[in-house]
Amino acid sequence: MKEMKTIYIDNAATTAMSDEAINAMTPYFKGVYGNPSSLHTVGQIAKEELDKFRQEIALLIGAEAREIYFTSGGSEADNQAIRSAAILGSLKGKKHIVSSQFEHHAVLHTLKKLEKEGFEVTYLKVSKEGLITAEEVLAAIRPDTALVTVMFANNEIGTILPIKEIGAVCREKKVIFHTDAVQAVGHVHVNVKEQNIDMLSVSAHKFHGPKGVGFLYCKRGIALKNLIEGGAQERGKRAGTENLAAIAGMAAALKHACEHIDENAAKEIKLRDKLIEGLLKIPHSKLNGDKTLRLPNNVNMCFEGIEGESLLLLLDAKGICASSGSACTSGSLDPSHVLLALGLPHEVAHGSLRLSLSEWNTEEEIDYVIKEVPKVVEYLRNISPVWEALEKGEKPHLI
Amino acid sequence: MALYSEKVMDHFTNPRNLGKIENADGIGEVGNAKCGDIMKIYLKIENDIIVDVKFNTFGCGSAIASSSMATELIKGKPLSEALTLTNKAVAEALDGLPAHKLHCSVLAEEAIRMAIKDYYDKNGIAYDKSKFPDPHGDEHDHPADDED
């Protein structure tokens, strides 16, 4: 068997764990295994550790320890934040929510459920570059708006939204502001106080932490509502014995990510821009999302005349692990709602490729990707009747 | 990759009968780019026998594999036999397709049917029109979206 190197550039899907995170977890499987709710010494030692991690994490995002609620991950945090704000709003007769068209499904599907329960949601349009302005948010806020939920950075196209400005507008209008920061935390500077954020969702496995753990920051004074009823863990807002090992791993991963945030970003941006430049040499290709207001690790391209799933499978055969927003990869009939929100036609959106870097990717790997992607695109175009029609001028090129 | 059978991956990565036929006797194109898959089948026909067949496909792995397998199944066969090819037979020959990919095998069946119809039309051969429903249109046979 020919040994093939795997080039993993799908870090927006998940990351490998760092040694720091793994090492931080091991003491909590057997040594410090107590239940933090137990009154005895073994339990209380675990409780002290839990408090320590909560404090560490809070400091890293500019929050207070008691504003951090551990969850099973980003999706749970999104669900709980939005549901809580909706319930709080409805108690005051406020049943309107402002969000955007290109949120993560953890947000969008929660909002769809709320619509069925009588809430009205304004989904702000995003610009061609994948951005939303604070002015647009302001214009959408009504007297009965209970919540604004807009993501910090988009998971597919990597655009970074003006969170501080959107937060300021929400403060001015006294509307709760939640942001899904799953792709941002550990990658760009996040400070809930400076950025006027009331609620923020985080997932550990996006910054080399373990899967199945995350947290919700909820500003003091906003009463969270439970999704999970039971014991009094997490100040009574999230029942279930805390996964201390995972929380330890998350704290260590976040600390490591925040301590190296500028150096990692600089490294990734260099690789990112090299990738973008290299792949844009492919004729009829396009970068999705603003060129500079984007995550250091995100590249998202469309190649006309081909379909994303076959592109992914052929890249996988060359050892390149990537992602696509094509319908076939999303398991639905439509291509990615994010790409459609940018105004891309369906047929263009089907040919998308997302490459998301980590600081562990090397220049050599990027050179290989820049060499191989054009070959696969060319092969798929050669067997594509769509490409044939475009080249013969039977249909106009769209990009 | 667990999504597809080995056979699908084989036909996807090493497709049979890939290409075009100049001056083909029949050409069938089905699907639509908006939905993410288009298949184009070229037939060379002599004495009612498919002596050569080629395809071009825009689509996912299972669309390319379905085209490849379908062309294999009809190559060298009489038109009457090619017309009995079902999407089920294509999917089975590939050791199965995931449920949400079955429409790819439907496209393969339809593309062959359209190519044969094109041959009949070009040569003024009479045929039972009810056996050649027009697959063109916005809706092709996708499974229903089970959004709750």
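Just so it is clear, the values below take in all heavy atoms, side chains as well, and ignore hydrogens, waters and symmetry mates. In what follows, chains are A, B, ... by sequence order, proteins preceding strands, each numbered from 1. On a predicted model such as this, the values are computed, not experimentally measured, just so you know.
- B/Cys60 and A/Glu309 get closest at one heavy-atom pair: CB-OE1, 3.3 Å.
- Ranked by heavy-atom pairs under 4.5 Å with chain B, the first of A/Glu388, A/Glu347, A/Arg381 is A/Glu388.
- Within 6.0 Å of CG in B/Asn47 there are 12 or fewer heavy atoms belonging to other residues, nucleotides or ligands.
- A 4.5 Å side-chain heavy-atom check between B/Ile64 and A/Leu380 finds at least one atom pair inside the cut-off.
- Contacts of B/Ser62 with chain A are made by backbone atoms alone, with heavy-atom separations under 4.5 Å and no side-chain atom involved.
- The environment of CD in B/Glu6 is sparse: at most 12 heavy-atom neighbours from other residues, nucleotides or ligands sit within 6.0 Å.
- When the ring pair (Phe, Tyr, Trp, His ring centres under 6.0 Å) test is applied to A/His337, the partners found at least two apart in sequence or on another chain are A/His105.
- Atom CZ in B/Phe12 sits 4.5 Å away from atom CG in A/Leu313 (nearest 0.5 Å).
- Here the side chains of B/Asn56 and A/Trp387 are not in contact, with every heavy-atom distance at 4.5 Å or above.
- Looking at B/Leu18, the atoms closer than 4.5 Å to chain A (heavy atoms on both sides) all sit in the side chain, from C-beta outward.
- Heavy atoms from other residues, nucleotides or ligands lying under 6.0 Å from CG of B/Asp128 number more than 12.
- In this structure, OG in A/Ser384 is found 12.0 Å from CE in B/Met39, a value given to the nearest 0.5 Å.
- Considering all non-hydrogen atoms of both residues, A/Tyr379 and B/Pro15 come closest at OH-CG, 3.4 Å.
- Scanning residues 117-126 of chain A against chain B with a 4.5 Å heavy-atom cutoff picks out nothing at all.
- In this structure, the side chains of A/Ile383 and B/Phe55 stay at 4.5 Å or more apart for every pair of heavy atoms.
- Dense packing is recorded around NZ of A/Lys375, with more than 12 heavy atoms of other residues, nucleotides or ligands lying under 6.0 Å away.
- Atom CD of A/Glu229 has more than 12 neighbouring heavy atoms from other residues, nucleotides or ligands inside a 6.0 Å radius.
- Put simply, the side chain of B/Lys34 does not reach to within 4.5 Å of the side chain of A/His350, judged on heavy atoms.
- In A/Glu391, the CD atom is crowded: over 12 heavy atoms of neighbouring residues, nucleotides or ligands sit closer than 6.0 Å.
- Taking each heavy atom of A/Ser310 and B/Gly61 in turn, the nearest pair found is CB-N, 4.2 Å.
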